[in-house]
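Comments concern the structure below.
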Amino acid sequence: MTQERFESWPLPKGWACVRFEDVAEIAQNLVSPSKVPDLPHIAPNHIGSGNRQLLPYSTVRADAVISSKQRFYPGQILFTKIRPYLLKSVLVDFDGVCSADMYPLWTKDTAEPKYLLYWLTSPEFREVIAHEQGRTVLPKINQAALNKSLMALPPLPEQRRIVATIDSLSAKSRRARERLDHIPRLVEKYKQAILAAAFRGELTKNWRNRTGRRFDCESTTLGQQLVDIRYGTAKKCDYEGGAVGVLRIPNVQLGKLQIDDLKSADFTSDELRKLRLEKGDILIIRSNGSLDLVGRSAVVDDAAVGMLFAGYLIRLRLDANLVIPEYAQLYLQATTVRELVERLAKSTSGVNNINSTQLQELPFLRPSMDEQREIVRVIGVAFSWIDRLASEATSARKLIDHLDQAILAKAFRGELVPQDPNDEPASVLLERITAERKETARPRSRKRHGNFSSLATTRSRRSK
């Protein structure tokens, strides 16, 4: 929405097109943090992106040597004016200080604080302020542009109805979002339960009944399934480093290799002979600062054949007469094996590591080759179903974010709640503000020193 379109927007009856300065006052009260020790300190990264929520924050330390901060008070809106945290806003109900890259805002008698808060996080405001400053990518919102930006202002009673409706809808979408955010953890738990059942022989029970087989699973070690185990190359590689692709930790995803981000180097014929990957090899991450990455593995497919692998990886070459690579890879991801790998790899040095000897000593359950194939098949079917549900949940999560923005858009077009012809028009409020400005040339002081009686009086008057 451009500024011209906004000015010509057909506003509902009783609404008015106003300047930001008609509804809010930008407070300027810089203080030294040493003067206000132990007060909450809000920085731009303490405000959630698009959700108007405060994240965990700290307090000001008396001995901290930091730049001046903006003092804020209960009832103010903190508005972030600079990238990369641009347009984050939150309504506070406590004393504190915030970054000088934020504007503390007081609402005037023309607007409800939460109505202004919702406006500041709406796509309409983003378009208006971008047009006002003459650019679409804003490094910073200056005070003059903010003050003269336009907004749609309904009567106060309608503002309250809008706020109540957005609050109710936002609470529902927040609950839905929280539930959807749990799904990735549930997916991992469900997958682990499937793996555990598979390696107990439960998933292939019907298959054994149909084929007349019995569950014959040998307890052995991973090392007894290998014909070779080898560390990768220590040679430096780069995006245009040579003729041969070199797989690194980022290329090893869960079960599969991703080779779109590939570096390379040149190697001797002896290096190629020793380290060349073949289809069915398993690459395992042996060393990383993140413990959950150590032991993550992937099966080499046709696309990676002939490539080499970096030194933080270990290559397992299986005996094809004993083990199917996909079975071995799935087995290495089971909870019991993962827990053992993490115990062996965990280090206090910051770099967790598992070596080839420890890998070879890992316990390994080996059913018949036919049952291995059936286990891989049924796990694949189950995982595909789970991944499909997870994908749908991700799509639903994105739709909720779009829904929140659509709700705000409807609110500022006057389409979210019905209009009441008995409401006092916003223009009448504006006339009152104009009269007040003529009476005094200076803005009234907003400094409270702990006394918020004026703010309480204003809120009390609005609620009548």
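Note that the structure is predicted; figures quoted are calculated from it, not measured.
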Output for pair (Ile249 CD1, Arg286 CZ), nearest 0.5 Å, gives 9.0 Å
Distance, nearest 0.5 Å, that separates CZ of Arg296 from CG of Leu332
13.5 Å
Treating Gln159 as the side-chain partner and Thr110 as the backbone partner, does any N or O pair qualify as donor plus acceptor under 3.5 Å?
yes
Hey, does Met151 have a side-chain heavy atom less than 4.5 Å from the side chain of Phe412?
no
For Gln70 and Gln28, run side chain to side chain donor-acceptor pair (under 3.5 Å): C-alpha distance rounded to whole Å, both residues' side-chain angles, the deciding distance at 0.1 Å, then the answer.
CA-CA 7 Å; Gln70 291 276 15; Gln28 295 291 341; 3.0 Å; yes
How many angstroms lie between CG in Leu117 and CG in Leu91, if you round to the nearest 0.5 Å?
6.0 Å
Can you find a pair of side-chain heavy atoms, one from Leu416 and one from Leu169, that are under 4.5 Å apart?
yes
Result of checking Leu105, Val18, Leu430 against Val23 for side chain to side chain contact (heavy atoms under 4.5 Å, CB included)
Val18
Sub-4.5 Å side-chain heavy-atom contact between Ile375 and Tyr331:
no
Contact between Ser427 and Trp15 at the side-chain level, heavy atoms closer than 4.5 Å - yes or no?
no
Has Asp93 got a side-chain atom pairing as donor or acceptor with Pro74's backbone, closer than 3.5 angstrom?
no
Minimal heavy-atom distance between Met307 and Ile259, with the atoms involved, is CE-CD1, 4.1 Å
Side-chain donor or acceptor of Thr204 paired with backbone N/O of Trp207 under 3.5 Å:
no
Would you check if the side chain of Gln76 reaches a backbone N or O of Tyr73 as a donor-acceptor pair within less than 3.5 Å?
yes
Ignoring hydrogens and geometry, is there a side-chain-to-backbone donor-acceptor pair from Asp261 to Asn251 under 3.5 Å?
no
Indicate, with yes or no, if the rings of Tyr103 and Phe72 have centres closer together than 6.0 Å.
no
Within the distance-only criterion (no hydrogens, no angle test), does the side chain of Gln329 pair as donor or acceptor with the backbone N or O of Val299 below 3.5 angstrom?
no
Could you state the interatomic distance from CD (Glu112) to CG (Leu156), rounded to the nearest 0.5 Å?
6.0 Å
Side chain to side chain contact (heavy atoms under 4.5 Å, CB included) between Leu39 and Phe94, intermediate numbers included:
CA-CA 10 Å; Leu39 277 181; Phe94 54 89; over 6 Å; no
Ser347 side chain near Asn353 side chain, heavy-atom distance below 4.5 Å
no
Using side-chain heavy atoms (C-beta onward) and a distance below 4.5 Å, is Pro367 in contact with Tyr327?
yes
Could you tell me how the ring of Tyr57 sits relative to the ring of His46: parallel (under 30°), tilted (30 to 60°) or perpendicular (over 60°)?
tilted
Any donor-acceptor pair under 3.5 Å from Gln419 side chain to Gly414 backbone:
yes
Look only at the side chain of Ser168 and the backbone of Thr165, and say whether a donor-acceptor pair between them is shorter than 3.5 Å.
no
Test salt bridge (Lys or Arg N to Asp or Glu O under 4.0 Å) applied to Arg200 and Glu202, step by step
CA-CA 6 Å; Arg200 288 195 302 266; Glu202 294 175 11; 2.7 Å; yes
Could you walk me through whether Leu195 and Leu330 pass side chain to side chain contact (heavy atoms under 4.5 Å, CB included), step by step?
CA-CA 8 Å; Leu195 291 175; Leu330 289 168; 4.2 Å; yes
Can you tell me how far CZ of Phe309 sits from CD1 of Ile284, rounded to the nearest 0.5 angstrom?
11.0 Å
Hits for salt bridge (Lys or Arg N to Asp or Glu O under 4.0 Å) against Asp401, two or more places apart or cross-chain, chain-then-number order -> Arg177, Arg397
Gln143 side chain reached by Leu146 side chain, heavy atoms, under 4.5 Å
no
Could you tell me which non-hydrogen atom of Ala304 sits nearest to which non-hydrogen atom of Leu247, and how far apart they are?
CB-CD1, 4.1 Å
For Thr107 and Tyr115: C-alpha separation, side-chain torsions, deciding distance, then whether side chain to side chain contact (heavy atoms under 4.5 Å, CB included) applies.
CA-CA 10 Å; Thr107 52; Tyr115 179 84; over 6 Å; no
Between the side chains of Ser297 and Gln333, does any donor sit under 3.5 Å from an acceptor?
yes
Glu374/Arg377 under salt bridge (Lys or Arg N to Asp or Glu O under 4.0 Å): CA gap, chis, key distance, verdict:
CA-CA 5 Å; Glu374 181 63 12; Arg377 187 191 70 79; 2.8 Å; yes
Is there a side chain to side chain donor-acceptor pair (under 3.5 Å) between Arg185 and His182? Walk through the geometry before answering.
CA-CA 6 Å; Arg185 289 189 290 274; His182 284 300; 2.5 Å; yes
Side-chain donor or acceptor of Arg71 paired with backbone N/O of Val36 under 3.5 Å
no
Please check if the side chain of Gln192 supplies one atom and the backbone of Thr335 the other of a donor-acceptor pair under 3.5 Å.
yes
Quick check on salt bridge (Lys or Arg N to Asp or Glu O under 4.0 Å): which of Lys114, Lys172, Arg52 does Asp167 satisfy it with?
Lys114
Counting only heavy atoms not in Tyr312 (residues, nucleotides, ligands), do more than 12 fall under 6.0 Å from its OH?
no
Could you pull out the closest heavy-atom pair between Phe20 and Leu120, with the gap in Å?
CE1-CD2, 3.8 Å
For residues Val417 and Arg161, report the shortest heavy-atom separation together with the two atoms involved.
CG1-O, 3.7 Å
Residue pair Val252 / Leu283: nearest heavy atoms and the distance that separates them:
CG1-O, 4.2 Å
Just list the side-chain donor-acceptor pairs under 3.5 Å for residues 383-393, sequence neighbours left out, or say none.
residue	atom	partner	partner atom	Å
Ser384	OG	Gly380	O	2.8
Asp387	OD1	Lys191	NZ	2.8

Are Leu359 and Leu362 packed together at the side-chain level, in the sense that at least one heavy-atom pair is separated by less than 4.5 angstrom?
yes
Determine the minimum heavy-atom distance between Asn352 and Ser290, stating which atoms define it.
ND2-C, 4.0 Å
Full working for side chain to side chain contact (heavy atoms under 4.5 Å, CB included) between Lys256 and Asp301
CA-CA 8 Å; Lys256 297 183 179 180; Asp301 56 15; 5.9 Å; no
Lys263, NZ atom: more than 12 neighbouring heavy atoms under 6.0 Å:
yes
Separation of Ile285 CD1 from Ile354 CD1 (nearest 0.5 Å)
12.0 Å
